[in-house]
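Chain identifiers are assigned alphabetically (A, B, ...) following the order of the sequence lines, protein sequences preceding nucleic acid strands; residue numbering begins at 1 within each chain. Fair warning: this is a prediction, and the values are worked out from it, not measured in the lab.
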Amino acid sequence: MLDIKLIRANPEEVKKRLATRDKNLPALIDKLLEIDQQRRELIKQVEQLQAQRKKLSKEIGILYKNKQAEQAEQLKGEVNRIAQQINDLKEKLSQLEKQFQQILLSIPNLPHPSVPIGEDENDNVEVRRWGEPRKFNFQPKPHWEIGEKLGILDFERGAKLSGSRFTVMYNKGARLERALINFMLDLHTKEHGYTEVWTPVLVRPEALIGTGQLPKFEEDLYKVCDENLYLLPTAEVSLTNLHMDEILKEEELPKYYTAYTPCFRREAGSHGKDVRGILRQHQFDKVELVKIVKPENSYQELEKLVNEAEKVLQLLELPYRVVELCTGDLGFSAAKTYDIEVWIPSQNRYREISSCSNTEDFQARRSKIRYKDKEGKNHFVHTLNGSGLAVGRTLLAIMENYQTEDGDFEIPKVLKDYI
RNA sequence: GGAUGGGUGCCCGAGCGGCCGAAGGGGCAGCACUGGAAAUGCUGUGUGCGGUUUUUCCGCACCGUGGGUUCAAAUCCCACCCCAUCCGCCA
């Protein structure tokens, strides 16, 4: 959520920056400001009337005490009239307030000035590469072929049980999944100072509103029938909202959290995309990284966060590149995002395996996560999140990059103790 | 699923329809005491919105949420949400 005060103070600047995401946003800001003005005018009127009512009511009380009932009765009539006016105005006000909130909640975050301007993923900027894609002296196979032949990936039974984009894994596949989770959690807790967390995977709408998935992206989520709960699309939601509605102490910051959770996404808009294999599933495992920090450190923390996610790929010796998302490709809550893309031999290109974002105070404002400074003043924290990493995609990348000519694949050295 | 209790400030907790933004305690900050500290004492300390000569000050709102009663609601009534405990059921 953007700060309405910021929008009021610099409407043109805000519109200009939002337009780099989406050309339709400036008009929405105009509408918001219009409603805001009406709303404030009404608030002023209502408050004046309420102040009057309060004053007169007190006088009535005193009159009764002094046994001047007649005069009290007279005043009552007047207060009744004022109360009626207040009611009328309040009704209008609550309408406006509703619209106001609804629009404000649907406006995405402002891109950081350093974010490259662009329309879609083609305008993303490569920041660096690590590792050399392996030269194969045979035709590398896609992971689904390897997996099916080895009998470790079972798409048919996945579909039988749950539908398309669900997969069953056996033996080496299932064990590798588990090994990767442990490996990643150990790395982040032991080397990078994160606190390991285990969270529910069913969450309330409040949490999803806090991190920005709701109200706008309901169609991407699985909702539990007959309960007001949703399946977690990412542990960013549960980890960030651990501190929903809290005022933290300054010395508690920064907080680093990591959690393994399954993630559930409907993939509503992506029919026909990446339909083969396990790249895009309705259910996948992820180890998530979340940081809650003071505003002045957040960009430094973002760079660190990306490095921490990269470390996983470096240790697994998987080639990757880091790209900076352009304005048009930024997620709703993000002010700045780096994607890490791992090399996929069968596609002869890099594919996203992690996305690391600084949302600044956008989520903090929605989730009401603040901290109190030394002077006793409250400020919104900055929140960051990143995959560290998407486990299924890591598994896929290992299968393809470490494949052998006979249709099997090797296990990266660092995982030997885990499997 | 059945029964009961409860949601008040950073935390705990009291609160007769007007004098309650709200007692008391804890925490935190400042000061005093001390060689320094602990202990102790004193003082201060909610949030949001709106206005403002924008350091200041003023107004309004907020005691889970939304309605209602009343001249006046944290306090009374109704609905909803949430939490806890017990019983049943299940792992």
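Separation of the P atoms belonging to B/C11 and B/G46 is 14 Å when rounded to the nearest angstrom. Of the C1' atoms belonging to B/G5 and B/A23, the separation is 24 Å, rounded to the nearest Å. Across B/G13 and B/U85, the matching P atoms stand 15 Å from one another, rounded to whole Å. Taking atom C1' on both nucleotides, B/G7 is separated from B/C12 by 14 Å, rounded to a whole Å. For the P atoms, the distance from B/C80 to B/A3 is 14 Å, rounded to whole Å.
In this structure, CG of A/L202 is placed 14 Å from P of B/C82, rounded to the nearest angstrom. Atoms CG (A/D245) and P (B/C11) sit 10 Å apart, rounded to a whole Å. To the nearest angstrom, P of B/G50 lies 18 Å from CG of A/L49. The nearest whole Å value for the distance from the NZ atom in A/K377 to the C1' atom in B/G48 is 14 Å. As rounded to whole Å, 14 Å separates atom P of B/G68 from atom CG of A/N80.
OP1 or OP2 of B/C49 sits under 4.0 Å from a side-chain N or O of A/K5. For B/U70, the OP1/OP2 oxygens have no side-chain nitrogen or oxygen of A/K76 closer than 4.0 Å. The side chain of A/R40 places an N or O atom within less than 4.0 Å of a non-bridging phosphate oxygen (OP1 or OP2) of B/G51. Using a 4.0 Å cut-off, some side-chain N or O of A/N378 falls inside it from OP1 or OP2 of B/U47. Proximity of A/R204 to the phosphate of B/C83: a side-chain N or O atom is located under 4.0 Å from OP1 or OP2.
Closest to the A/A51 side chain, of the nucleotides B/G18, B/G48, B/C60, is B/C60. Nearest to the side chain of A/V79, among B/G27, B/C71, B/C49, sits B/C71. Distance from the side chain of A/K372 is smallest for B/G46 among the nucleotides B/G59, B/G46, B/G48. Which of B/G48, B/A61, B/C49 sits closest to the side chain of A/Q50 comes down to B/A61.
In this structure, B/C49 forms a base pair with B/G59, meeting either the Watson-Crick or the G-U wobble geometry with both donor-acceptor distances under 3.5 Å. Pairing for B/G17 is absent, judged as Watson-Crick or G-U wobble with the two contacts each under 3.5 Å. Pairing partner, B/U69: none, since no Watson-Crick or wobble contact has both distances short of 3.5 Å. Summarising the base pairing, B/G5 is matched to B/C83 through a Watson-Crick or G-U wobble pair whose two defining distances lie under 3.5 Å.
Residue-to-nucleotide proximity on RNA chain B shows that, of A/K249 and A/K90, the 5′-proximal contact is made by A/K249. Nearest-nucleotide positions on RNA chain B place A/D36 closer to the 5' end than the other of A/K55 and A/D36.
Taking the six-membered ring for Trp, A/F166 and A/F155 have ring centres at least 6.0 Å apart.
Here CD of A/E12 is found 12.5 Å from CD1 of A/I7. Values are rounded to the nearest 0.5 Å.
A donor-acceptor contact under 3.5 Å is formed by the side chain of A/E47 with the base of B/G59.
With a 6.0 Å cutoff to the six-membered ring centre and a 45° limit on the axis angle, A/K255 does not count as a cation-pi contact of A/Y194.
A/R8 comes within 4.0 angstrom of sugar-phosphate atoms only, judged by non-hydrogen atoms across all strands, and of no base. Residue contacts shown for A/L56 are absent, as no nucleic acid heavy atom lies under 4.0 Å away.
When each of A/L221, A/L202, A/V237 is paired with A/L232, the side-chain contact (heavy atoms from CB on, under 4.5 Å) condition holds for A/V237 and for no other.
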